[in-house]
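Position 1 is the first residue of the sequence, and the numbers go up from there.
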Amino acid sequence: MDVVTSPKHNVPMKSAEIIAEEESPKHNVETACAKTLEESNVEEIKTVETRDEDDYPKPIVETEDIIDEMESIDIHNEDKTVSLECETQQDKMLSPSNDDDDEHDSESSHDSKDDVDEDETMDDKEKPKPDSPDSNPSTSAWTEKAAAIKNFVRLKSEVAVHTVMRRLSGRMNDENGVYDARDDATKSVESPKTEGKSSIWNPLSYLKMMQNDTVDKVEVKNVEEAELEPVVMKGRIILYTRLGCEACRECRLYLHGKRLRYVEINIDIYPSRKQDLEKIGGSSSSDVPKVFFNEELVGSVEEIKELDESGELDEKIKHLIDEASPREAPLPPFSGEDDASSKGHVDELALIVRKMKPCIVKDRFYKLRKFKNCFSGSDAVDFLSSDQCLERDEAIEVARKLASQLFFQHVLEENLFEDGNHLYRFLDDDHVVSSQCHNIPRGIIEIKPRPIAEIASRLRLLYRAILEAYTSPDGKHVDYRSIHGSEEFARYLRIIQELHRVQLVDMSREEKLAFFINLYNMMAIHAILVWGHPAGPLERTKMFGEFKYVIGGYTYSLSAIQHGIIRGNQRQPYHLAKPFNEKDKRSMVALPYAEPLSHFAMVCGTRSGPPLRCFSPGEIDKELMEATRDFLRGGGLLVDLSSKSVLKHASTYLEPQISEALLDVLVDTQFRVVYQTYDWGLNH
């Protein structure tokens, strides 16, 4: 068969006869291509319908040759020849050395080769009549040229799409290795339907493999979580403990290892349970730990281990799984048991505020501004004079006493209280307090506020009990899920509600330092339980800046406690201003100077943070030294004398041998400090 050559581009064209409509021989051209017959899988030839009004065949656009090359991309195709041709075209397109003429020549020669096969298999009925208008050489050359260009553009588009998909999938698989486009030409994916036969890479097969891999990971994770879940049982295990007991800590770990859920009753937190322990257990309250399986006293941790060795422990656990706890069994602590938060003398001023608040609070304008939920000084004096039957001067003194007890304050903090048009707002009506503070009580507490020293002592005792019960022995990991549903945490929430009207100015440096470090650590746990662990820097900024407590009539965030109080009102990194300005009354609570060792005591729920521990005012400096030493020796500082990476300040808290070596190196040797990567992951 002859090959027609384009006069302009010298491109070989297909010589297959083209049928076009008479109305538009040049611009309304439709090509008719015959499907190439393959030796193994082609059984019949498509026929072309003819027109009713004449004998000419209807113009048909068939692109089976393009479809065949597209099918070569699919994993079910077994034609290796077409696959290699597609890959050859892809490599040519990716190669910067190939020019447009080479691409046209290669593509045209490929089309010419296909035309030879098409002419050999074409039926005589499909050939146009000799007198067809398309038999004109100039028209045939034009239509053949258009068909060649169309096929060329289609094939290059398919190769481009194929290449882009492969590159995108290669980037998705970066975690398994570096993607190399050249490797794809030599790799093939085995067909899922046939064995021993391969085809070109297919993106659908990659997605399928990724889906299967994800399913496998989820199944493995579910199996691991199922292995860590506690045993489901109808009965109940009660564990009696006390603070500072090593045997109690060992008993907790043993029960955790057996995946046995238990209810802990610390007799130092619940002193009324000492009598119950002596009555039921028949021993002294100091003889702890004691474990009860329902109503049965199992004993101490040594006795439990003996039962485990003899095989009797499994029988008792099976009994717990099947049998519910009877009435004779010890009961878990109930809400408010032995809690001093709900006990105390009634505050008469709180009763006055309860009646005054709904009568005078409303939205008002002051100095061209609108203030919501506030009242004027004259309205407060009028109410007190009428309700308490007082003279106006006496009513003013009562109102000032209410302000000094932190029931309300001036909306602009201009004065304590004055009769007139000055506006004031109750503490729980403040927008920041109601929206960002998580220790504000529901309503007004009618019990007189206790001294801050008493509240700090109760908070420290409870904080210590929580650490012993719900953290690992080294204090680096926290069982947040168990804390959230515990009675100890519910008691903590009741204690921190007493902080909104305490006086902080009279606290000593040791009391203030121990109190705020313990409160900071529990506040961070509270924030994680409420908001979850922050996933990124924006979430961390929100947690440190917007999770607040009301303490002494003012709001304190985690950042305000750390940088404003403990660091002596020092500017935090990447901030231009100090936490408290000169007019901020919270600056009077700040420590006189920064406490550098506090960094090794404050924990915000991260893996790289120091271990959790409880601090007391009497031994705060000693405990901070121990916390610093434990953190640096536990991996906080890595010393490599060969690389001269040392720190002079840290040598004080290291082992004596390493400390002496560091000091000798620092005398006449330069050194470099390299910071370790901070792990913000949850210390769960």
Side-chain angles (χ1 to χ4, degrees), residues 244 456 459-460 463-464 466-468 471-478 507-525 544 558-573 590-641 644-666 671-681 683:
L459 184 64
R460 182 169 59 253
Y463 174 53
R464 183 180 175 187
I466 291 176
L467 294 185
E468 292 186 2
T471 61
S472 59
D474 57 2
K476 293 183 178 181
H477 306 284
V478 183
M507 296 181 68
S508 63
R509 175 254 177 190
E510 291 77 14
E511 292 176 340
K512 197 178 298 183
L513 186 58
F515 168 74
F516 277 105
I517 290 178
N518 294 334
L519 183 65
Y520 178 93
N521 294 339
M522 274 303 301
M523 191 175 174
I525 294 176
F544 289 121
L558 289 170
S559 295
I561 293 176
Q562 179 180 6
H563 303 286
I565 296 179
I566 298 179
R567 294 187 64 235
N569 197 24
Q570 296 294 321
R571 182 180 60 85
Q572 57 181 324
L591 292 172
Y593 51 87
E595 298 286 345
L597 299 185
S598 63
H599 291 287
F600 306 102
M602 304 176 70
V603 184
C604 57
T606 60
R607 295 173 183 169
S608 292
L612 283 165
R613 60 191 303 164
C614 185
F615 297 89
S616 58
E619 299 180 350
I620 182 63
D621 294 316
K622 177 182 177 182
E623 292 169 348
L624 287 175
M625 290 281 290
E626 293 176 355
T628 304
R629 187 182 301 110
D630 294 343
F631 176 77
L632 295 178
R633 294 183 180 181
L637 177 66
L638 302 179
V639 179
D640 188 358
L641 296 177
K644 303 177 183 179
S645 176
V646 294
L647 186 63
K648 183 176 181 180
H649 175 71
S651 63
T652 309
Y653 307 99
L654 299 177
E655 289 81 355
Q657 297 80 3
I658 299 180
S659 179
E660 293 178 2
L662 286 178
L663 294 176
D664 294 339
V665 171
L666 291 176
F671 62 91
R672 183 169 61 96
V673 178
V674 180
Y675 292 97
Q676 303 180 48
T677 302
Y678 195 89
D679 190 353
W680 289 98
N683 60 341

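For residues 596-606, the side chain to side chain donor-acceptor pair (under 3.5 Å) pairs, not counting sequence neighbours, are Thr606-Tyr678.
Nearest heavy-atom pair, Ser616 versus Ala514, reported as atom, atom and distance to 0.1 Å: C-CB, 3.8 Å. Residues Gly564 and Ala590 share a closest heavy-atom pair of O-CB, 3.0 Å. The shortest non-hydrogen separation linking Cys604 to Ala524 is CA-CB, 3.9 Å.
With rounding to the nearest 0.5 angstrom, the CZ atom of Phe615 is 14.5 Å from the CD atom of Glu510. The distance from atom CG of Leu513 to atom CD of Glu511, rounded to the nearest 0.5 Å, is 11.0 Å. Atom-to-atom distance recorded for Ile565:CD1 and Lys512:NZ is 7.5 Å, nearest 0.5 angstrom. Taken to the nearest 0.5 Å, the NZ atom of Lys476 stands 13.0 Å off from the CZ atom of Arg607. Note that CG of Leu612 and CE of Met522 are 9.5 Å apart. Values are rounded to the nearest 0.5 Å.
Looking at heavy atoms from C-beta onward, Arg613 lies in side-chain contact with Asp630 at the 4.5 angstrom threshold. Considering only heavy atoms from C-beta on, Phe631 stays 4.5 Å or farther from Leu597 through its side chain. Here the side chains of Leu459 and Phe515 are in contact, with some heavy-atom distance below 4.5 Å. In this structure the side chain of Ile517 reaches within 4.5 angstrom of the side chain of Leu624, judged on heavy atoms.
Side chain of Asn521 to main chain of Cys614: no donor-acceptor pair is present (N/O by atom type, distance under 3.5 Å, no hydrogens or angles).
In terms of the side chain to side chain donor-acceptor pair (under 3.5 Å) criterion, Asn518 has no residue partners (sequence neighbours excluded). For Glu623, there are no salt bridge (Lys or Arg N to Asp or Glu O under 4.0 Å) partners, not counting sequence neighbours. The side chain to side chain contact (heavy atoms under 4.5 Å, CB included) test applied to Ser559 returns Phe544, Ser557, His563, Gln572, not counting sequence neighbours. Listed by chain and number, the residues in a salt bridge (Lys or Arg N to Asp or Glu O under 4.0 Å) with Arg464 are Glu468 (sequence neighbours excluded). Checked against side chain to side chain donor-acceptor pair (under 3.5 Å), Ser472 has the following partners two or more places apart in sequence or in another chain: Asp474.
The pair Asp621-Arg509 counts as a salt bridge, with a side-chain nitrogen and a carboxylate oxygen less than 4.0 angstrom apart.
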